[in-house]
Amino acid sequence: MSTIYDHGAPGRQAVALPQLGKVEQGLLGAIPADLRRRDGPRLPEVSQPELVRHYTALSRMNYGVDTGFYPLGSCTMKHNPKLHEDLARLPGFADLHPLLPPEACQGALALLWETAEHLKGITGMPGITLQPAAGAHGELTGMFLIKRWLEDRGELGRRTKILLPDSAHGTNPASAAMVGFTVVSIPSDRRGMVNLDALRGALGSDVAGIMLTVPNTLGIFEEDIVTITDLVHDAGGLCYFDGANLNAYLGRARPGDMGADVFHINLHKTFSTPHGGGGPGAGPVTVSEVLVPYLPVPEIARKGETYHLDWDRPKSIGRVHPYFGNVLVIVKALAYILSLGDEGMRAVSGGAVLAANYLKAKLKGAYKLPYDQLAKHEFVLSGEGMGNGVRTLDVAKRLIDYGFHPPTIYFPLIVKEALMIEPTETEPRETLDTFAEALLSIAAEAREHPELLREAPHETPVRRLDEARAVREPRLKLDF
Amino acid sequence: MNPYLPHTPGDIRSMLDAIGVSDVDALFSDIPAHVQSRNRPLGLSARDDLAVHRHLTTLAERSTGRGLIPFLGGGLYDHFIPSVVGHILSRSEFFTAYTPYQPEVSQGTLTWMFEYQTMICELTGMEVANASMYDGATALAEAVLMAHRATGGKVVLVPCSLHPRLREVLSTYAWGAGLALHDVPYTEAGRLALDGVPDGTCALIVQQPNALGVLENLAGMKERLGKAFLIASASPIPLAVIEPPGFFGADVVVGEGQPLGNPLSFGGPLLGFFATRMEHLRRMPGRVSGQTQDADGKTGYVMTFQTREQHIRREGATSNICTNSALCALAATVYLAALGPDGLRRVALLSYERAHDLASRIAAIPGYSLPFRGPFFHEFVVRCADPERAVRKLRQAGIAVLPPSFLHPLGVHDGFIVAVTEKRTPEELDRFVVALEGK
């Protein structure tokens, strides 16, 4: 695999820049000697055609939603509308400096205000911040909010525990730990839902709250959701909802009506903004009445047709982002909400849940289905017992040979050899059929030609990579 | 039919039949009925593409600040972005992919991450870099948390000349982790005045250049800190020509990478870069791409040292970060590759010389002066009796500078701050001077 440093020659450059003037001519004082850099950074020296060909070649070694089906569970890899890319590039958004005074950026503030109102409505919660830059950042913001609430009530030293179902995303415990909470795991019951007896046993005057994913990472809706949130509230705690799975009930139910106090929204999942190869996303957080006083400052407020920044929130946790959050991502989310409308949003969750249950019905005979419940937007199979020593990893790699991106594997941790499949509503039925046929055919291959799975993938630029070697002999940048 | 929803009524019927339910609503029977019945629509009907385009375009055009000539900085800068950057970013194999969990179909992402890590190490003078953080502010906050984990100290030395927004975000994170921020004043020259290092200090932060635009001299600072971390928050363009913090023994170098090929974006998405020394690798937050070999001995790349990360280590992880700023890091990679060492140096020096040119001309106007004697790079404070009036005069000439209130938290109440990049033409500089000279 060549890197950009393998191309070019000394003196080549891919862009023409203005000539230097007064410094070079000695007309202005040069950089003081004690600050001047002796050895310049070693950067590539490539012409424009070389540059373009290298990165085009790299792009062709990648697989995106535009390449094909990407059923990565928990990530909601839906189609990214092309109109939105053009809108995010409008100079009135893309070239606007965030430190301009509000009167010079009314349009951008209007965008933020309008999106915020819609997101409050969609989640049924009265307060919002758009600052968090990603889902995990939203979680952290939620933990800050709960901590400030405890502090304000004089309960900070006493309520130190955050309860967490054993099926939770890894970001949940990591976020809780970053603000000093102790994490207590709550086991799932046979239905794959929160074990209510275990929850009752864990609740007490030392509990700050619970972090729930709804539907949970098995793709199952917590039927007892209202009981759970009531129990936590009765015990004096608050309820955090991880909104990664909002696509399962968008436009049909609201976390605010389920007892959520904090809810983060992954705009890059439910609201169709591209994942960018790992980011950027956006993780706005909506809150219940009790947490509104602690939201980050400033609030974007409207008076008549004019927008301003309201700093009057004395109990605020402060800022979690230096400016307003990932505004260009928010542009795309607003465009998506407007193009769908209320009926479209219902159709999104309807289509997502329909696709997941359809695939589940087609596959459950050939693969173990540890929790055979009504699925929401995703479901979890197990690669256990495929025979011939075949593992889930092998199934995933073989799917690449069939032209598909593999599902999320080995998560959630409570399912052995997990295959977590999230088709989303944007896949045509024909694609779902072809994918199901591929998985059925792989199940047969596992019995008859297991080597096909163990040696997969076969047609990719590289075959399976030695991850242990990457740790044993770390090469994390080029050696010159 | 909505263009993003391909299921026809016929598709839906046949899928429902395969599942064995009568209608789509039956798939939601597990959500309590009283919860569903409380749902309230937004009152929005679906809009066609033209209407959506019109609405967003109208909003975009309402921000009048866009039409002004920007002499705006404060951590985000208006540098020229070569066209190749946007064209490479538009390759949807890059931007519609997610985190490279499956390396065999993600070599594109993993390879540019490796290139990016190399370039960030080169810029900062460090040994290892992660594949990006959200922005320069959260990168700084994460660096401080890392210093706390490494040293056990709970005191953070924070310059009074630190960018106010960095300080605000840091103070939220520090409060969350139970750390205390101690102010370090600045000298009359505008440079850090480190008096002593109290017991229990986990880190000293140095911003390069600081929020007053003044370049710090890092020589000897690490030696005064003992085991406490020297954390530099550096602006990336000046690093082309000034000695990088790594040269002075910094433990972590972070910064806002927006100036490297990313638009201002009304402040987001941004790019936090994060680099450290190999000895701290296992404490570093964020993803890393590493080189290895495949089953046939061919070179390839994987995400590595994942045992630091939340999806493996959960509450014991070095950070909760998952989604980062990958696409902005790709922009930085392509930008740096397009400019090369000479181009980057030229962008830095053009910004430097135009800023110095403008500064000396402003200082020659009666009533205006440069309050800080310390060396500056491409941003500087101007002192005057009525900064609000000066900013209004500039505004009337079609020029934007940051509001004087930006400097208030820094202890400056009689001035405003000016940033100059290679994009500002000599004519624009003239216009700036003429505007200030006028009544």
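Keep in mind that this is a model prediction, so the values were computed, not measured. In what follows, chains are A, B, ... by sequence order, proteins preceding strands, each numbered from 1.
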Portion of B/Thr58 that has a non-hydrogen atom of chain A nearer than 4.5 angstrom: neither
Chain A contact via B/Val84 - side chain, backbone, both or neither, heavy atoms under 4.5 Å: side chain
Heavy-atom check, side chain of A/Val462 versus side chain of B/Tyr301, under 4.5 Å: no
Any B/Ser265 side-chain heavy atom under 4.5 Å of A/Val327 side chain: no
Test item: A/Leu328 and B/Phe266 side chains (from C-beta on) under 4.5 Å apart, heavy atoms: no
Region of B/Asp135 in contact with chain A, defined by heavy-atom distances below 4.5 Å: side chain
Modelled atom types, side-chain donor and acceptor of B/Asn217 and A/Asp34, under 3.5 Å: yes
Proximal component of B/Ile31, with respect to chain A [non-hydrogen, under 4.5 Å]: both
Residues A/Lys397 and B/Gln102: side-chain donor-acceptor under 3.5 angstrom: yes
A/Thr171 side chain to B/Asn320 side chain, donor-acceptor N/O pair below 3.5 angstrom: no
Chain B contact via A/Ile400 - which portion, at a heavy-atom distance below 4.5 Å: side chain
Contacting moiety of B/His55, where chain A heavy atoms sit under 4.5 Å: side chain
Any donor-acceptor N or O pair under 3.5 Å, side chains A/Tyr63, B/Gln107: no
